[in-house]
Enquirer: 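Here it is, the structure in full.
Every chain is numbered from 1 and lettered A, B, ... according to where its sequence line falls, protein lines coming before strand lines.
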Number of protein chains: 2
Amino acid sequence: MPLFLGLDLGGTNIKVGLVDHTAKLIAQNSVVTPAEKGPDAVLATMAQAARDLVAKQGATMDQVTAIGVGSPGPLDLKHGIVRKAPNLPHWVNVPVEAKIRELTGRPCVLENDANAAAYGEFWAGAGKNSDIRHFIAFTLGTGIGSGIVVDGKIVHGATGMAGEGGHIIIFPNGRLCGCGQHGCIESYASATATVKRTIEAIEKGWASEFGGPRQPISDNALAKSFKGRLHEITAKDIFDAAKSGDPLATKIVDETAETLALTCVTFSRILEPQMIVFAGGMVFAGDFLFDKIRAFYEKHTWSVPVPGPKILPAVLGNDAGAIGAAGVAYAKFAQ
Amino acid sequence: MPLFLGLDLGGTNIKVGLVDHTAKLIAQNSVVTPAEKGPDAVLATMAQAARDLVAKQGATMDQVTAIGVGSPGPLDLKHGIVRKAPNLPHWVNVPVEAKIRELTGRPCVLENDANAAAYGEFWAGAGKNSDIRHFIAFTLGTGIGSGIVVDGKIVHGATGMAGEGGHIIIFPNGRLCGCGQHGCIESYASATATVKRTIEAIEKGWASEFGGPRQPISDNALAKSFKGRLHEITAKDIFDAAKSGDPLATKIVDETAETLALTCVTFSRILEPQMIVFAGGMVFAGDFLFDKIRAFYEKHTWSVPVPGPKILPAVLGNDAGAIGAAGVAYAKFAQ
């Protein structure tokens with residue numbers, strides 16, 4: 001049985017996943033990234049973690065057809081090089097594909113970490129065992145990461161910078177995003193942005209992202225319970241308050257959902273995906289969030305009678321990156 | 001020398017183009033669409049026009065490797081069927097691929113007309129003789145048509161409804177579009193929408209699409225010269241007035257350009273195309289328009305230091321559809 005190994009390289013941890021050709025996760029592990037020791041130490045740790053996981057299954061590296069690595073970037077995908085990695089000191093032009101091949105004796109393919117996670121959901125998660133060929137995944141965290149699959153393949157664009165779905169502009173001249181643009185969906189609908197909008201609404205009074213005057217926040221339960229410690233509010237607090245009927249929290253969650261729905265509409269017009277999935281902590285709100293996204297999608301989509309995408313939570317959680325990296329190796333070396 | 005024949009089916013005319021394998025247009029023609037006589041008559045006219053053009057070049061149909069047909073839709077691309085065509089009476093589930101093959105003896109492939117035109121610009125027009133693999137074309141007319149090429153292939157999506165770039169939402173809850181959505185770029189930046197916004201600005205006073213109060217239109221030259229006949233204003237009049245420094249016309253053209261630039265930014269984040277071209281009458285404004293689009297692109301794009309797309313006028317004009325249909329035949333049957 002051919003095996004595929006995925007490595008999800010992060011600034012804190014390296015996740016390893018061993019997957020078979022049917023996209024079934026056989027084993028997984030996580031080791032600490034020795035980031036401060038520089039690239040060679042990190043690469044050696046990655047290779048060792050790969051060997052250890054394989055050995056623990058009573059298998060040998062010969063049975064591993066190929067290894068996929070999901071990495072933060074920017075990357076040079078053509079040459080398998082990590083150009084820079086914000087959370088990994090001293091990573092400048094590190095030839096990851098060549099090094100991992102050298103250290104493990106197996107073929108290796110490098111992929112952007114957000115793309116790998118999206119491919120994981122496509123191949124082994126929400127999109128598994130289906131005839132889905134057009135698929136988009138978003139991760140709602142500090143920012144919004146995304147990956148796009150068109151006709152079964154990850155879309156990379158001219159230099160590997162495609163799939164940055166968090167930075168489509170939905171509100172021209174709107175909120176300033178960390179990327180330098182104004183009005184990106186990331187600056188409205190990430191978990192961090194959702195918290196930030198809530199704190200602002202409490203501090204300054206409510207103003208809808210979709211227009212209208214500011215409204216005073218008098219006697220709001222969420223505002224009261226976090227009085228003097230607004231910085232402690234989490235996305236979960238906001239969703240819990242919304243579920244209890246808190247009007248401010250409800251409005252915040254609604255506008256996060258509406259922004260995500262507008263994003264789904266725009267992606268549907270451009271790529272007509274069969275499925276769009278969302279990952280990240282906010283997804284645990286489940287149907288409370290997804291029913292809103294689906295309802296706003298119906299509100300904003302055109303009247304052309306074609307079916308829209310399935311809009312669903314991701315299912316692989318934190319394993320998506322490692323499984324997807326293995327999937328990328330499968331797609332490149334097994335087919 | 002292998003030849004490829006493209007048919008661009010419209011409600012008024014059928015355009016025919018004969019193209020060689022290097023994407024060179026050898027001959028072309030246009031015949032009237034006998035639309036009122038129904039599908040069989042139209043198909044017979046298409047086949048005859050194809051044979052006539054080939055014969056006129058002293059060639060035979062045997063030298064034609066394949067025929068491509070660009071058609072309005074919705075289409076069933078999988079089965080080569082035109083499901084419906086708004087400007088062609090009695091066209092319901094017409095098996096165009098099979099019929100053209102039967103009538104000409106040559107293999108046939110059906111494509112959406114906007115996609116075919118985009119592919120024409122990619123293969124034989126603005127994108128010719130380049131290493132460009134990621135390409136987007138927009139046609140600014142009554143509406144905004146578009147086609148998307150990713151890694152050298154047209155993007156079709158789940159049911160052939162991808163590539164509807166005119167209907168991405170840039171202004172949530174903005175102008176009502178013909179498609180039923182609010183805030184599509186088509187309802188701001190098509191030639192028709194540009195005229196409509198001008199007439200509104202003259203009638204109601206100026207209000208920026210990007211916010212701010214309405215301003216009275218006193219003593220405006222464009223308003224004066226079309227007094228009592230505002231419905232006669234064309235996009236060319238607006239561009240001419242803007243070139244002469246008319247402030248109202250300048251603002252209208254600027255906001256058309258800014259909307260198109262925001263569209264280019266969003267497409268760049270999603271697909272990272274190497275080139276984006278615009279076709280249609282407004283394109284004749286040349287650098288006057290394109291310099292504005294490029295400047296607004298720089299204003300709105302992120303600070304990540306990667307090159308943006310080339311933003312250029314299309315070069316094939318009305319021939320793009322027929323040439324692109326031939327290109328689709330080339331892509332399917334010659335490679």
Side-chain angles (χ1 to χ4, degrees), chain A residues 74 131-134 136 146 148 150-151 153 155-174 177-185 209-211 258-259 261-263 265-275 299-309, chain B residues 74 131-134 136 146 148 150-151 153 155-174 177-185 209-211 258-259 261-263 265-275 299-309:
Chain A
D131 57 357
I132 286 174
R133 304 280 297 161
H134 308 280
I136 295 163
S146 77
I148 299 170
V150 166
D151 213 10
K153 288 180 186 148
V155 173
H156 288 117
T159 71
M161 294 301 286
E164 291 284 352
H167 302 285
I168 69 170
I169 296 176
I170 290 273
F171 300 96
N173 300 318
C177 182
C179 77
Q181 293 179 180
H182 285 264
C184 297
I185 63 155
E209 302 295 350
F210 297 91
E258 191 160 7
T259 302
L262 287 161
T263 303
V265 171
T266 282
F267 270 89
S268 294
R269 295 302 84 81
I270 296 176
L271 298 173
E272 205 198 7
Q274 291 142 308
M275 186 181 283
K299 176 188 167 194
H300 287 291
T301 194
W302 62 9
S303 53
V304 178
V306 289
Chain B
D131 57 358
I132 286 174
R133 304 280 298 162
H134 308 279
I136 295 163
S146 76
I148 298 169
V150 166
D151 213 10
K153 287 180 186 149
V155 173
H156 288 116
T159 72
M161 294 301 285
E164 292 284 351
H167 301 285
I168 69 169
I169 297 176
I170 289 274
F171 299 96
N173 300 317
C177 182
C179 78
Q181 293 179 180
H182 285 263
C184 297
I185 64 154
E209 301 294 351
F210 297 90
E258 191 160 7
T259 302
L262 287 161
T263 304
V265 171
T266 282
F267 270 89
S268 293
R269 294 303 85 81
I270 296 177
L271 298 172
E272 205 199 6
Q274 290 141 310
M275 187 182 282
K299 176 187 167 192
H300 287 291
T301 194
W302 61 11
S303 53
V304 177
V306 290

Enquirer: With a 4.5 Å cut-off on heavy-atom pairs, point out which of B/Ile136, B/Thr259, B/Ile168, B/Val265 contacts chain A the most.
Expert: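 When all of B/Ile136, B/Thr259, B/Ile168, B/Val265 are compared, B/Ile168 has the most.
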Enquirer: Hey, which of B/Thr301, B/Val304, B/Leu262 is the one that makes side chain to side chain contact (heavy atoms under 4.5 Å, CB included) with A/Gln181?
Expert: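 The residue from B/Thr301, B/Val304, B/Leu262 that satisfies side chain to side chain contact (heavy atoms under 4.5 Å, CB included) with A/Gln181 turns out to be B/Thr301.
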Enquirer: Can you sort out the partners of B/His134 under side-chain hydrogen bond (donor to acceptor under 3.5 Å, both in side chains), two or more places apart, ordered by chain and number?
Expert: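 For B/His134 there are no side-chain hydrogen bond (donor to acceptor under 3.5 Å, both in side chains) partners, ignoring immediate neighbours.
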Enquirer: May I ask you to name which of A/His156, A/His182, A/Glu164 has the most heavy-atom pairs under 4.5 Å with chain B?
Expert: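 Counting heavy-atom pairs under 4.5 Å, the top option is A/Glu164.
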Enquirer: Is B/Ile148 close to chain A through its backbone or its side chain, or both, or neither, when contacts mean heavy atoms under 4.5 Å?
Expert: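 When you check distances to chain A, only side chain atoms of B/Ile148 fall under 4.5 Å.
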Enquirer: Looking at every heavy atom in both A/Gly160 and B/Glu272, which two are closest together, and how far apart are they?
Expert: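 Closest approach of A/Gly160 to B/Glu272, heavy atoms only: N-OE1, 3.3 Å.
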Enquirer: How far apart are the closest heavy atoms of A/Trp302 and B/Cys179, and which atoms are they?
Expert: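 For A/Trp302 versus B/Cys179, the nearest heavy atoms are CB-O, 3.2 Å.
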Enquirer: Relative to chain A, which of B/Ala158, B/Pro273, B/Gly183 shows the most heavy atom pairs under 4.5 Å?
Expert: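 Ranked by contacts with chain A, first place is B/Ala158.
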Enquirer: Any donor and acceptor pair, going by atom type alone, linking the side chain of A/Thr266 with main-chain N or O of B/Ile169 inside 3.5 Å?
Expert: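 Side chain of A/Thr266 to backbone of B/Ile169: a pair is present.
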Enquirer: When heavy-atom pairs shorter than 4.5 Å are enumerated against chain B, which of A/Ile132, A/Val150, A/Thr263, A/Thr159 gives the highest number?
Expert: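 Sorted descending by pairs with chain B, the first entry is A/Thr159.
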Enquirer: Could you go through the side-chain contact (heavy atoms from CB on, under 4.5 Å) check for B/Val155 and A/Ile270 one step at a time?
Expert: CA-CA 9 Å; B/Val155 173; A/Ile270 296 176; over 6 Å; no
Enquirer: Is there a side-chain contact between B/Glu258 and A/Asn173, using heavy atoms and a 4.5 Å cut-off?
Expert: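 B/Glu258 reaches A/Asn173 side chain to side chain.
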Enquirer: Can you tell which of B/Gly165, B/Pro172, B/Ser146 has the highest number of heavy-atom pairs within less than 4.5 Å of chain A?
Expert: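 The option with the most such pairs is B/Pro172.
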Enquirer: Between B/Lys153, B/Gln274, B/Lys299, B/His300, which has the largest tally of heavy atom pairs under 4.5 Å with chain A?
Expert: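 Heavy-atom pairs under 4.5 Å are most numerous for B/His300.
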